[in-house]
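The structure appears right after this line, and notes come after that.
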Amino acid sequence: MAAEEICWKCGQLFSGHFCNACGAIQPPAANYFDFFELPPHLNLDAAELEKRFYALSRRLHPDVFARRSEREQRYSLDATAVLNDGYRALRDPINRAEYLLKESGFDIGEQKSNPVPPELLEEVFELNMALEDLRSGDSDAAPQLEDARTKFVAMREHIDRDLSAKFAAYDESESRELLTEIRGVLNRRRYVRNLVNEVEKALSGYVPN
Amino acid sequence: MAYSDKVLDHYNNPRNVGSMDRNDPNVGTGMVGAPECGDVMKLQLKVNETSGIIEDAKFKTFGCGSAIASSSLATEWLKGKSVDEALLIKNTAIVNELSLPPVKIHCSVLAEDAIKAAISDYKSKQTTRKPVAEAVAH
């Protein structure tokens with residue numbers, strides 16, 4: 001939640017986007033959760049976020065400040081930028097988790113830090129072999145890829161269920177260990193997502209004769 | 001971004017592509033991957049039973065040119081080394097040899113990890129295989 005700050009214009013304490021005393025627009029909070037005045041949680045009420053997004057869009061829109069001071073116009077522009085970026089980042093659960101991890105000091109997608117489970121690597125390797133065969137015109141690989149697609153889509157669904165359970169657990173405890181686990185799962189998800197995309201691409205380019 | 005001539009050379013003429021019998025007790029297999037880009041690298045080495053020297057190394061990498069070049073180079077360097085010498089191969093040496101740009105350093109890290117994984121696989125096979133012989137030797 002946004003802490004109380006001192007209004008640049010009238011010097012009164014305030015919290016939020018506008019001074020409670022004089023009503024002047026304030027520089028936007030840098031953190032998206034603070035900006036939307038939402039708890040830093042991984043499971044957010046999407047409808048509430050949307051509601052706040054539209055309400056703030058109206059109140060912070062640069063047109064509203066067209067005849068105000070330069071400083072107020074600048075804050076309105078800054079706030080609108082945070083509003084849009086923040087909405088994009090928080091709307092999608094995966095983006096939101098990545099944002100929260102980044103804000104908590106984790107490197108996202110840092111390759112060295114996260115070993116991929118060996119069984120997954122084996123599967124990825126086999127899959128790549130099949131992809132290579134299919135690309136070189138060996139149609140025998142097609143059924144294998146169909147199987148792989150089914151398997152990896154199921155894997156992605158499993159990962160998503162795992163993630164939402166971990167999200168809920170994090171919101172309860174705000175434990176850092178859980179964030180570490182979540183980062184690992186997100187990395188695996190990215191890996192699996194790339195594989196699904198690769199397989200779809202290979203299968204769509206393949207025309208059975 | 002332009003690849004260096006050495007990367008291109010390894011990419012166009014990769015050395016030691018292939019695979020060995022992973023159930024052979026003298027063969028160590030390392031499989032590593034990078035979650036971000038989806039690269040996956042398999043590196044295998046075969047150690048001569050009597051001399052303890054790596055007599056053969058093979059790789060198969062799915063990934064970008066730099067990942068392929070890094071693993072190709074790694075297999076070249078492995079041959080003729082002892083297992084302990086092989087562990088001293090650092091990713092920075094691969095970076096220097098191939099003139100990898102900063103964004104491709106992770107490819108060399110992957111190759112170093114693959115060497116380490118292959119050696120640890122080889123070592124674990126050796127210890128499970130010869131517990132009696134070592135007990136006698138001590």
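Order of the sequence lines fixes the chain letters, A, B, ..., with proteins taken first and strands second; residue numbering starts at 1 for each chain.
- Ring-centre distance between A:H41 and A:F167: not below the 6.0 Å cut-off.
- Between A:E37 and A:R52 there is no salt bridge, since no side-chain N of the basic residue sits under 4.0 Å from a carboxylate O of the acidic one.
- Interface residues of residues 14-32 of chain B toward chain A, defined by a heavy-atom distance below 4.5 Å and sorted by number: B:R22, B:M31, B:V32.
- Salt bridge A:E98/A:R183: absent, no basic N to carboxylate O contact under 4.0 Å.
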* CA sep, side-chain torsions, deciding dist, call: A:F35, A:H17, ring-ring contact (aromatic ring centres under 6.0 Å, His included) -> CA-CA 8 Å; A:F35 183 87; A:H17 301 277; 4.5 Å; yes
* Under the side chain to side chain contact (heavy atoms under 4.5 Å, CB included) criterion, do A:L42 and A:I182 qualify, and how do the steps go? -> CA-CA 10 Å; A:L42 292 170; A:I182 287 168; 3.6 Å; yes
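- A:H61 and A:T80 get closest at one heavy-atom pair: CA-OG1, 4.5 Å.
- Listed by sequence position, A:F125, A:N128, A:M129, A:E132 are the residues of residues 125-132 of chain A in contact with chain B, using a 4.5 angstrom heavy-atom cutoff.
- The residues A:E181 and A:R176 are annotated as not salt-bridged, no charged nitrogen and carboxylate oxygen being separated by less than 4.0 angstrom.
- Each of A:R188, A:K166, A:R189, A:R193 was evaluated against A:D160; a single residue qualifies, A:R189, per the salt bridge (Lys or Arg N to Asp or Glu O under 4.0 Å) test.
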* Verdict with reasoning, B:S108 to B:S70, per side chain to side chain donor-acceptor pair (under 3.5 Å) -> CA-CA 6 Å; B:S108 68; B:S70 296; 5.5 Å; no
